[in-house]
Amino acid sequence: MASAAMAASSRAFLRPHRCRLLLRQRRSLSASAATPGAAAAAAASTVVGRSVVDVLRERGLVEATTSETLGSGSASPRELKAYCGFDPTAESLHLGNLLGLVALSWFRRCGHPVVALVGGATGRVGDPSGKSAERPELDLAAVETNCNAIKSLIGQILDRAPAEPSQHSQSGKSLSLEQNDETLANSGEKMGSFQILDNYYWWKDITLLDFLKEVGRFARVGTMIAKESVKKRLMSEDGMSYTEFTYQLLQGYDFLYMFRKMGVNVQIGGSDQWGNITAGTELIRKILQVEGAHGLTFPLLLKSDGTKFGKTEDGAIWLSAKMLSPYKFYQYFFSVPDVDVIRFMKILTFMSLDEIQELEQSMKKPGYVPNTIQRRLAEEVTRFVHGEEGLEEALKATEALRPGAQTQLDSQTIEGIADDVPSCSLPYDQVLKSPLVDLAVSTGLLASKSAVRRLIKQGGLYLNNIRIDSEDKLVEEGDVVNGKVLLLSAGKKNKMVVRIS
């Protein structure tokens, strides 16, 4: 009886906090078959008619699940509603977060509504999972700025998820808390809808005493300590703060709240989130005394050598064009080693597995042109993250900046990559009539004049993509593109943008 009373008290605690969420269950697949969108839905039957978990598993996107029956063929697609959380630690998500967006998109493709949750509240604490030390504390203004930027970015990316392989539909609808049930009911029939939420929305009205009384009492300290992410930190030299120790309960409560109020019953995340995810399923079972909350993790984004994919000497591979240009994002995928390219194509694109298998076979055939598969991978991922315009920008820059390319260079194209390659500024009179050998050294492109002369003899020095054959070449007025810039290239990869002042 006491347990029942506690559960009843907790259910009362879970009333909406100063908001109304007018959400109705989406129409069933059988009902939607009678709508004008039925033909389009039938065309996507290869995805919609299958279990989303099976789809994710065969693409290598399932590490573990809390239930073997999750996504079983007997379950209606509308019985699953998944969410994935994103920390606002910067103004952009990075490449490691892309797997979460891809997985959410697969849920949508299979007809399930999804939620992308930005941690406006939990981000002020910091997730200790996978961390060797406590995260630096962000001030409230930075958290809010990061949240707003990430919400916008997630909305743009999720809206680009193609409804079918090789198609790039934008039929999805982004729903905010303020939109009503009619808008939700009228959103697309083929793709599951998506929402972008901020957990500060419900956390702002919860006091510590209420949380400890109504939620904390259901958490067992022994179970919390046994979580792998906690055990590692407790054994480390710096240990773990109480703030970090409580994080799994905070994330668990997010799942509890959305399960109770919005029907969200699947939490997905990287394999390092397993402890946080199961903390949520345990709270739901204990407090609400119901089953039906599930967790699914996907592998971390690693290269074949076990190192993280998405880390460079210059830092993270950001998803926002403001922090990393589409050109440089494209180039990163273009340089993926052959040993990794097929696996990344399976987990990061929406191409059919049959097509991917054909491409894999083509790599083994005589006459295969190196980097052909990498080019396709770079195109698909760049299109998903940056859209058609971003892909066109990346392709234009890639082609225009290829040494020996016939594409006419302009100052705008060169300036577009200035942030991605070394650059410098020189006075006009210091550049005009200057020997190119001297300029290549003074700008830092090469270390010595002898190295420049040697490269010229090898046919590897380019000015504005035009190969230089003479050591006596002087920079002429016509060489300065639009009177503003020069592009020097040493081989295919080393470039220097020279701005003329």
Side-chain angles (χ1 to χ4, degrees), residues 55-64 84 86-87 89-90 92-106 127 129-133 157 228-229 232 268-274 296-320 323-351 353 355-364 368-386 390-391 394 398 420-421 492-494:
V55 172
L56 293 175
R57 183 172 283 113
E58 68 182 1
R59 300 185 76 94
L61 279 168
V62 174
E63 177 89 359
C84 186
F86 301 91
D87 281 337
T89 52
S92 171
L93 300 178
H94 52 75
L95 196 54
N97 301 124
L98 187 57
L99 278 180
L101 296 174
V102 169
L104 286 179
S105 297
W106 278 112
D127 184 0
S129 301
K131 304 297 178 184
S132 58
I157 294 177
E228 192 64 29
S229 59
K232 288 182 178 180
I268 66 174
S271 57
D272 59 348
Q273 291 295 305
W274 180 255
L296 180 151
T297 60
F298 40 79
L300 299 180
L301 196 56
L302 303 176
K303 293 184 285 189
S304 56
D305 61 5
T307 59
K308 281 189 176 181
F309 181 65
K311 295 287 186 181
T312 69
E313 294 180 358
D314 298 327
I317 299 298
W318 300 105
L319 304 187
S320 170
M323 298 182 68
L324 188 75
S325 72
Y327 164 75
K328 198 163 187 177
F329 184 86
Y330 176 94
Q331 288 297 320
Y332 184 75
F333 280 93
F334 187 77
S335 62
V336 168
D338 285 348
V339 68
D340 291 320
V341 66
I342 294 298
R343 181 167 55 90
F344 289 155
M345 189 170 276
K346 290 179 180 178
I347 65 178
L348 292 175
T349 80
F350 301 95
M351 298 169 58
L353 291 179
E355 183 178 4
I356 293 174
Q357 185 177 16
E358 290 178 5
L359 292 173
E360 184 177 15
Q361 293 300 318
S362 72
M363 296 177 68
K364 305 173 184 177
Y368 170 75
V369 178
N371 292 111
T372 299
I373 311 297
Q374 281 85 344
R375 181 177 294 107
R376 179 66 185 279
L377 171 67
E379 289 176 359
E380 293 291 332
V381 181
T382 304
R383 180 186 287 112
F384 180 49
V385 173
H386 292 290
L391 176 59
T398 298
D420 301 324
V421 300
K492 294 182 179 181
K493 294 184 178 181
N494 297 327

Which distance, rounded to the nearest 0.5 Å, do you find between the [atom1] of [X] and the [atom2] of [Y]?
X: Tyr332; Y: Leu324; atom1: OH; atom2: CG; result: 10.5 Å
X: Leu301; Y: Leu99; atom1: CG; atom2: CG; result: 5.0 Å
X: Trp106; Y: Leu56; atom1: CH2; atom2: CG; result: 8.0 Å
X: Lys328; Y: Ile317; atom1: NZ; atom2: CD1; result: 7.5 Å
X: Met323; Y: Phe329; atom1: CE; atom2: CZ; result: 13.5 Å
X: Glu360; Y: Lys346; atom1: CD; atom2: NZ; result: 6.0 Å

Exercise. Which residues satisfy the side chain to side chain contact (heavy atoms under 4.5 Å, CB included) test with Leu302, sequence neighbours excluded?
Worked result: Leu300, Lys308
Non-hydrogen atoms of [X] and [Y] that approach each other most closely:
X: Ala394; Y: Tyr330; answer: CB-CB, 3.7 Å
X: Phe334; Y: Ala378; answer: N-CB, 3.9 Å
X: His386; Y: Ser320; answer: CE1-C, 4.2 Å
X: Ser362; Y: Ile373; answer: OG-CD1, 3.9 Å
X: Gly390; Y: Pro326; answer: O-CB, 3.4 Å
X: Trp318; Y: Ser92; answer: CZ3-O, 3.3 Å

Counting N and O atoms only, with roles assigned by atom type, does the side chain of [X] sit under 3.5 Å from a partner on the main chain of [Y], one being a donor and the other an acceptor?
X: Ser304; Y: Asp340; answer: no
X: Thr307; Y: Lys303; answer: no
X: Arg59; Y: Ile347; answer: no
X: Arg376; Y: Ile356; answer: no

For this session: May I ask you to decide whether Glu379 forms a salt bridge with Arg383, counting only side-chain N to carboxylate O separations under 4.0 Å?
Result: no
For this session: Carefully, step by step, assess Met345 and Met351 under the rule side chain to side chain contact (heavy atoms under 4.5 Å, CB included).
Result: CA-CA 8 Å; Met345 189 170 276; Met351 298 169 58; 3.8 Å; yes
For this session: For the residue pair Leu61 and Val102, establish whether any side-chain heavy-atom pair is separated by less than 4.5 Å.
Result: yes
Exercise. Does the side chain of Ile268 reach to within under 4.5 Å of the side chain of Thr297, using non-hydrogen atoms?
Worked result: no
For this session: Please test Leu98 against Val381 for side chain to side chain contact (heavy atoms under 4.5 Å, CB included), starting from the C-alpha separation and ending with a verdict.
Result: CA-CA 10 Å; Leu98 187 57; Val381 181; 3.8 Å; yes
For this session: Tell me, please, which residues at least two apart from Asp338 pass salt bridge (Lys or Arg N to Asp or Glu O under 4.0 Å).
Result: none
Problem set entry | Phe333 and its ring-ring contact (aromatic ring centres under 6.0 Å, His included) partner, picked from Phe309, Phe384, Phe344 | Phe309
Exercise. Do Thr398 and Gln331 have a side chain donor and acceptor closer than 3.5 Å?
Worked result: yes
